[in-house]
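Data block below; observations after.
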Amino acid sequence: MHTLFIADLHLDAARPQITRLFEDFLASDEARSADAVYILGDLVEAWIGDDDDAELPARIAAATQALSDAGVPVYFMVGNRDFLLGEKFAQRAGFSLLEDGTVHPLYGRPTLLMHGDVLCTDDVAYQAVRKQVRTPQWQAQILAMPLEARRAFAAQARADSKAHTGSTMETIMDVNADAVAEAMRKAGVTRLIHGHTHRPAVHRIEVDGVPAERIVLGDWYEHGSVLRVTPDDVELRGLALS
Ligand code: MN
């Protein structure tokens, strides 16, 4: 019995070896025998809408649909790169969309699932942008643009994000401990799994004096990263490029 978690793959046509690693991972015995596979956001470097006719979304949909067809439930939560991904693509890809902050009872242990960006409350500039781009009005306005214009817009947004990341202190871009405690307290859990920060680790913490753990998924820039959760254990490990 095992459940798998991945996040922050940042799939991009410019890095085809990572897309292949993702496809191989979903087709592996480990994924095909899993109780479920969770993708906790930033699956792609940029998502411009479910109507994108590029090759990458088609490959993603084929890979997740095949896993779902094999009887493995696939769950997807958007991140800050793919928050425009919606129900239309979810249906095509055979996965279920999860709200950020969903609690799932993993083998009897309620576990809070997040992308992780909302926990980075010290990054005030980022949180302000996030608030703006998550409004239905902003999203409707973007999605009304022609695909080519959206591609150009996404490229600009990535450049802006890179500039912000490059000029912001590392500690500011990590999660805020109080935000973590508050989220876990509100959800009533002692385990949190999230991505976003690209700092893979299993942190033993305390929330209101109770032992708890915060598990951070790794990114897929240099290699893959996967969390395997069983009824008794968690294992976070890298996936080598083949
Ligand atoms: Mn992210």
Side-chain angles (χ1 to χ4, degrees), residues 4-15 18-19 21-22 37-49 52 56-57 60 64 75-86 89-90 93 95 97-102 111-135 138-139 142 153-177 179-180 183 192-201 203 214-227 236 238-239:
L4 302 173
F5 291 83
I6 56 176
D8 301 295
L9 292 86
H10 293 265
L11 298 181
D12 187 4
R15 295 185 307 126
I18 300 295
T19 303
L21 186 62
F22 168 67
V37 172
Y38 289 78
I39 303 168
L40 297 187
D42 288 359
L43 173 60
V44 294
E45 181 70 5
W47 191 262
I48 58 168
D52 187 1
L56 184 60
I60 290 168
T64 53
Y75 297 103
F76 182 90
M77 177 181 290
V78 301
N80 52 298
R81 300 305 190 100
D82 43 21
F83 61 86
L84 287 174
L85 194 152
F89 186 78
F95 53 59
L97 290 179
L98 293 181
E99 286 289 321
D100 201 309
T102 295
T111 302
L112 176 60
L113 308 176
M114 303 178 81
H115 175 59
D117 56 331
V118 295
L119 299 170
C120 301
T121 52
D122 295 329
D123 193 344
V124 176
Y126 168 73
Q127 295 299 339
V129 171
R130 186 184 192 279
K131 203 171 168 188
Q132 182 200 356
V133 303
R134 297 301 180 97
T135 61
W138 188 92
Q139 297 191 4
I142 294 298
F153 182 81
Q156 184 58 50
R158 283 157 73 183
D160 291 349
S161 165
K162 227 175 189 167
H164 175 67
T165 306
S167 67
T168 307
M169 268 168 50
E170 290 276 304
T171 48
I172 288 179
M173 291 184 296
D174 202 353
V175 298
N176 174 289
V180 168
L192 161 66
I193 300 175
H194 72 83
H196 182 65
T197 61
H198 301 191
R199 292 172 165 92
H203 297 279
R214 175 172 74 90
I215 304 170
V216 188
L217 306 172
D219 66 80
W220 286 46
Y221 280 127
E222 307 294 329
H223 51 74
S225 178
V226 58
L227 172 73
L236 191 57
L239 280 183

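Just so it is clear, the structure is predicted and the values come from calculations on it, not from any experiment. All ligand and atom numbering here is 1-based and tracks the order in the structure. In what follows, every heavy atom counts, from backbone to side chain, and hydrogens, waters and symmetry copies are set aside.
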- Look only at the side chain of Trp220 and the backbone of Ser225, and say whether a donor-acceptor pair between them is shorter than 3.5 Å. yes
- Does the pair Phe83 and His115 meet the rule for a side chain to side chain contact (heavy atoms under 4.5 Å, CB included), with working shown? CA-CA 11 Å; Phe83 61 86; His115 175 59; over 6 Å; no
- Looking at His196, the N/O/S atom that lies nearest to the Mn ion (ligand 1) is called ND1
- Task: Could you check Asp12 against Arg158 for salt bridge (charged side-chain N to carboxylate O under 4.0 Å, His left out), going step by step and ending with a plain yes or no?
- Result: CA-CA 12 Å; Asp12 187 4; Arg158 283 157 73 183; 3.1 Å; yes
- Message: Can you confirm whether Gln127 is buried at CD, in the sense that more than 12 heavy atoms of other residues, nucleotides or ligands lie under 6.0 Å from that atom?
- Response: yes
- Item | Atom of Asp42 closest to the Mn ion (ligand 1), considering N, O or S atoms | OD2
- Query: Got an N, O or S from Thr197 under 2.8 Å of the Mn ion (ligand 1)?
  - Reply: no
- OD1 (Asn80) to the Mn ion (ligand 1) to NE2 (His115), nearest 10°, is 90°
